[in-house]
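Quick notes on the structure that follows.
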Amino acid sequence: MTPMDLDRLLKLLRKTYDVQDWWPSESPFEVMVGAILTQQTTWEIVASVLDRLREEGLMDVDQMASVEVSVLESILRPAGFYRQKAKRIKLLASYLVDSHSSDPLSLLDGPTDSVRKELLSLEDIGNETADSILVFAAGRPKFVAAAYSSRVLKRTGVLCSDDYDEIQTFVESNLRGGPRDFRDLYALIVQHSKDICRAVPSCANCPLSRECLHFTGQGRR
DNA sequence: ACCCAGGTGGCCC
DNA sequence: GGGCCACATGGG
């Protein structure tokens, strides 16, 4: 089995999947809202909820900040954890109004590390949500070290780790590419994970490969 | 009737 | 610093 590295993995995945426009959105604020909504929820449902929010004119920071919580909750219900998410999204909008003149770009402006810290300081925005926003709304070279990412990296023998920071640091210091490549790598990993496909071989040398092969995702034994 | 989804935070030891 | 748990609806 030839050694697998990040560049080869990226190349193999690109041969099989197309992730152009993988995170469709019309604005940075929409990415932020979508990032919170997609926590533990399928994108198909999130997309329909985003459509609804757009129809209701709520894809606007000021409107979102002043909407009635019960109204927001009723729209978010299909996406699960709707009370939590409604409160969180409204608070995010209020925070943008109060601290960033209602301009999402103001929050996303500045050194990546400080933007990340500011995002993480907000309730219900953890590593994956913050990094998704950094990559897909701000175009930063950040890697989302989600469960899918660790499984695929382990399964392919690129890196055997479950530690978020360790995985992220590894990818960010070994992937020689631009923001586009960081975005694609994560998108491709998720796309691949949803598939039963074997676009990339698995590595038997990884001590964790047995676990990886069990792969709790749907469609895989 | 399960199990899982493009997670996060709180509590326990 | 890990191991549980609640949060909640919808689809396979």
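In what follows, chains carry the letters A, B, and so on, assigned in the order in which the sequence lines appear, proteins first and then strands, with residues in each chain numbered from 1. Computed from heavy atoms alone, side chains included, the values below leave out hydrogens, waters and symmetry copies.
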>> Please confirm whether the shortest side-chain N or O distance from A:Thr129 to OP1 or OP2 of B:dT8 is below 4.0 Å.
In response: yes
> At under 4.0 Å, does any side-chain N or O of A:Tyr164 touch on OP1 or OP2 of B:dG7?
Replying inline: no
>> Does anything in residues 62-85 of chain A form a salt bridge (charged side-chain N to carboxylate O under 4.0 Å, His left out)? List the pairs, not counting sequence neighbours.
In response: none
> P atom, C:dG10 versus B:dT8: distance in rounded Å?
Replying inline: 22 Å
> Roughly how far apart, to the nearest Å, are C:dA6 and B:dC3 at atom P?
Replying inline: 15 Å
Where the side chain of [X] is concerned, which of [options] is the nearest nucleotide?
X: A:Asp124; options: C:dG10, B:dA5, B:dG9; answer: B:dG9
X: A:Glu123; options: C:dT9, B:dT8, B:dG9; answer: B:dG9
X: A:Arg83; options: B:dG10, B:dG7, C:dA8; answer: C:dA8

Distance check needed: [N] [atom2] versus [X] [atom1], whole Å only.
X: A:Ile167; N: B:dG7; atom1: CD1; atom2: P; answer: 14 Å
X: A:Glu128; N: B:dG9; atom1: CD; atom2: P; answer: 11 Å
X: A:Gln39; N: B:dG7; atom1: CD; atom2: P; answer: 8 Å
X: A:Glu44; N: C:dG12; atom1: CD; atom2: C1'; answer: 13 Å
X: A:Trp43; N: C:dT9; atom1: CH2; atom2: C1'; answer: 17 Å
X: A:Ile36; N: B:dT8; atom1: CD1; atom2: P; answer: 10 Å
X: A:Arg88; N: C:dC7; atom1: CZ; atom2: P; answer: 19 Å
X: A:Asp162; N: C:dG3; atom1: CG; atom2: P; answer: 10 Å

> Do A:Phe143 and A:Leu134 touch side chain to side chain, with heavy atoms closer than 4.5 Å?
Replying inline: no
So [X], base contact, sugar-phosphate only, or nothing? Heavy-atom distance under 4.0 Å.
X: A:Phe81; value: base
X: A:Gln84; value: base
X: A:Ile125; value: sugar-phosphate

>> Under 6.0 Å between ring centres: does that hold for A:His100 and A:Tyr95?
In response: yes
>> Set out, in order, the CA-CA distance, both residues' side-chain angles and the distance that settles salt bridge (charged side-chain N to carboxylate O under 4.0 Å, His left out) for A:Asp184 and A:Arg180, then state yes or no.
In response: CA-CA 6 Å; A:Asp184 284 2; A:Arg180 175 69 174 270; 3.6 Å; yes
> Under 4.0 Å between a Lys/Arg side-chain N and an Asp/Glu carboxylate O for A:Arg176 and A:Asp5?
Replying inline: no
> Taking for each residue the nucleotide of DNA chain B with the nearest heavy atom, is it A:Thr42 or A:Leu122 whose nucleotide lies nearer the 5' end?
Replying inline: A:Thr42
